[in-house]
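In the text below, chain A, chain B and the rest are named by the order of the sequence lines, each starting its count at 1.
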There are 2 protein chains.
Amino acid sequence: MASTEPARGTDRAAHPTIRDVAARAGVSKSLVSLALQNAPRVAPETREAILAAAEEIGYRRNAAARALVARRTRTIGVFVLDLHNPMTADVLDAVQAEARRRDYRTLVVVGGEDAVAERAELEKLLEFRVEGIIALGHRLPHGVEEAVGEACPAVSIGSAPRGVAHLGSLSTDDVMGAGLAVDHLVALGHERIVHVDGGSSLVARDRRRGYRAAMKRHGLGALATVVPGSFADEGGYRGARAALALPSPPTALFVVNDLAAMGALAAVADAGLAVPQDVSVVGYDGTGLAGLRPIALTTVGQPLHELGTRAAAQLCGQLDGEPPGAAHTLLRPTLVVRRTTAPPVPARPVARRSRAAG
Amino acid sequence: MASTEPARGTDRAAHPTIRDVAARAGVSKSLVSLALQNAPRVAPETREAILAAAEEIGYRRNAAARALVARRTRTIGVFVLDLHNPMTADVLDAVQAEARRRDYRTLVVVGGEDAVAERAELEKLLEFRVEGIIALGHRLPHGVEEAVGEACPAVSIGSAPRGVAHLGSLSTDDVMGAGLAVDHLVALGHERIVHVDGGSSLVARDRRRGYRAAMKRHGLGALATVVPGSFADEGGYRGARAALALPSPPTALFVVNDLAAMGALAAVADAGLAVPQDVSVVGYDGTGLAGLRPIALTTVGQPLHELGTRAAAQLCGQLDGEPPGAAHTLLRPTLVVRRTTAPPVPARPVARRSRAAG
DNA sequence: CATTCTCGTTGGACCGTTCCAGCAGACATC
DNA sequence: GATGTCTGCTGGAACGGTCCAACGAGAATG
């Protein structure tokens, strides 16, 4: 509300420019620019004098000015759908490491609230002129279709949408992963296996599909039941509660991801049932969370680090003009058996092979 | 390796400028600029024509050019020490929400690897001309002292270092929080309470201090024992294992944070002991992780959302020239009792008041 | 009718860089 | 001694916006 004063949020004179350095070193601004970027034709002693002058007055390059003239930012944007999902941290670490290795910077934005905010975050990335985008999450951010294009390719990690130009993907085979989970439960002797799903996203659809296909494959198609959930632990709780209230309640739950499985675990406990004696629970993602001792969740593991590294490599490689590889890559999930799965309690001897029953 | 071709990572003509819009709308570039920023003196029909033209050719403002002339970016940098710590997500969410509310954008960078990379991340923030920095973690990033200054104030969340100019802080009273943990354990009847600490950071020091003071206050000064750990779960595991190997092993562990407490829980399990029957465990931070059903960790809660919101409010307020409040704010922690604490097993009747013993 | 005011619009300077063309001077070549 | 090449350096034109002074046209005022 300071009425007439010239509003200045940041103080002037605080940011010395290349000219200030030039004046102090007694050379032209062009030479300072050259020296700063290690150009070959600068006399060693001049270079040192310039570097010293820059150091003395606390000079720092201005990324905006530089990006303006270079018309490149060497920056990729990372859109994170859910910061709370523990898989995010693992993947993000890998993305950042690979980007840094290739001399790209990363700009992280977080979505997941509402569609408007998500579009705004994406817009911000574009205004900063990121050269590419990595979208991380079980669905694409709202508005990607308009955002990506020739000037700004994107790679999606997790979900694998086809048919959007300049949008590649890196994910694991979710249909297969869901199959692994069902196979494991069936091998233990379970039949009434309910799937707590993740709603309408592509990833949720694939895992649902994989579940249904595997149930059918085992002759349990008629028993296949899907209850609605979400990718957050609240959704897992809700879904599991609904599943346990079914007329013939399940002996095993296959939950859409590890985070939701946490909610499912809570719902089972609230129903006065024990895991894995009364109900087995399988998650998906293979996060560190699932591996925590008191949790010890059986889960379908994704190679999170590899996912991040390869996505960043694919995007940066493309930007650097490397010959493009496959736009869509599918990695293999693996089953990680821990302590939330066991044979169902009326341990009727099953003819099926029982190697996993220990 | 494309030798002579002009290397162009991003394609030309992909980014229309304000002049392209002007040409299409048949006006001058100045007017386009005016219309785009909702200036009052533009004729309504002209404005609409300009907006339509911009839409048609897919125009997007260039943040670099704009920042260059405005000499402001309305962007604050957020330095995150550890993405894997679940407290990060909660605080970050709040910071982003508040910053957005005040019309500031956030730039997130992740540190925690080595000192060199950390300095580089900070430098990147400065080159992007962020107007302020929020540092989030149990210690300050390497090189903040040189980074912050009049041109770039900072607020630290978590640790509260004094004496650095233009560096405010927002944290909870860690000495008091550690006291709450010890009080709770003593009230349950514990005496051999060992602290698994977090190393040399300020936060670790305060919690250690609070632990020692509280032990002394309860007449248990001679029993006070600190074993070295860290803020990650690996450190908690290591520390707890060392504690349990002591000649007279503890009946309770107070661990420096929730994440490390996960490691401690694992170490207790590996030693063949049960929580809370054989060993009680208390964490710190009050993260969602601790609240997960299978974990149910007793912990010292910090108002994570409030921490984030107030830090962002303080920084943005300062940038907008609001009258500065206190540079350093200390919030009160609260004890969250769950299921990892119980009276020690040889439940000898203690004269001390036992209201918490249920 | 001349003067002033307001409105809607415009050209141009400028922000801090990079990069290109050019320019002295030293040195080599014929 | 004229010519050419190389080295080390400089001035100026961009890059894509914002903002300021100025300007013509029409309305309001005397």
Seminar exercise, completed: In numerical order, the residues of residues 33-50 of chain A whose heavy atoms come under 4.0 Å of DNA chain C are A:Ser33, A:Gln37
Seminar exercise, completed: On a heavy-atom basis, the closest approach of B:Leu126 and B:Ala147 is CD2-CB, 3.6 Å
For this session: Would you name the heavy atoms of A:Ser159 and A:Ser156 that are closest together and state the gap between them?
Result: O-OG, 2.5 Å
For this session: Using Watson-Crick or G-U wobble pairs with both distances under 3.5 Å, give me DNA chain C in dot-bracket, 5' to 3', with [ ] for crossers and | for pairs to another strand.
Result: ||||||||||||||||||||||||||||||
Exercise. Is A:Arg139 close to A:Phe231 at the side-chain level, that is, under 4.5 Å between some pair of heavy atoms?
Worked result: no
Exercise. B:Gly26 or A:Ser30: which one's nearest nucleotide on DNA chain C is closer to the 5' end?
Worked result: B:Gly26
Problem set entry | Side-chain heavy-atom pair A:Leu31, A:Thr46 within 4.5 angstrom cut-off | yes
For this session: Apply side chain to side chain donor-acceptor pair (under 3.5 Å) to the pair B:His328 and B:Ser169, showing each step before the final yes or no.
Result: CA-CA 5 Å; B:His328 300 274; B:Ser169 76; 2.8 Å; yes
For this session: Go through the structure and list residues passing side-chain contact (heavy atoms from CB on, under 4.5 Å) with A:Leu51, not counting sequence neighbours.
Result: A:Leu36, A:Arg47
Exercise. Chain A on DNA chain D: first and last contacting nucleotide, 5' to 3', under 4.0 Å to a heavy atom?
Worked result: D:dT7 to D:dG16
Seminar exercise, completed: Nearest heavy-atom approach of B:Ile57 to B:Pro16 is O-CG, 3.4 Å
Exercise. Which heavy atom of B:Asn62 sits nearest a heavy atom of A:Arg129, and at what distance?
Worked result: CB-NH2, 3.9 Å
Problem set entry | B:Glu48 atom CD: more than 12 heavy-atom contacts under 6.0 Å | no
Exercise. Given side chains that start at C-beta, do those of B:Arg74 and B:Leu319 come closer than 4.5 Å, heavy atoms only?
Worked result: no
Problem set entry | Closest approach of B:Asp82 to B:His84 (non-hydrogen atoms, all atoms of both residues) | OD1-N, 2.8 Å
Seminar exercise, completed: Contacts of B:Arg61 and A:Ser28 projected onto DNA chain D by closest heavy atom; the upstream (5') one is A:Ser28
Problem set entry | Sugar-phosphate, base or nothing in reach of B:Arg19, heavy atoms under 4.0 Å | base
For this session: Shoot me the first and last contacting nucleotide of DNA chain C against chain A, ordered 5' to 3', at under 4.0 angstrom to non-hydrogen atoms.
Result: C:dG16 to C:dC19
Problem set entry | Partner of B:Phe79 by side-chain contact (heavy atoms from CB on, under 4.5 Å), out of B:Leu136, B:Val109, B:Val110, B:Val130 | B:Val109
Pair up each side-chain donor or acceptor in residues 92-100 of chain A with any protein partner under 3.5 Å, not counting sequence neighbours, and list the distances.
residue	atom	partner	partner atom	Å
A:Gln96	OE1	A:Thr106	OG1	2.9
A:Glu98	OE1	A:Arg101	NE	3.2
A:Glu98	OE2	A:Arg101	NH2	3.2
A:Glu98	OE2	A:Arg102	NE	3.0
A:Arg100	NH1	B:Glu113	OE2	3.1
A:Arg100	NH2	B:Glu121	OE2	3.2

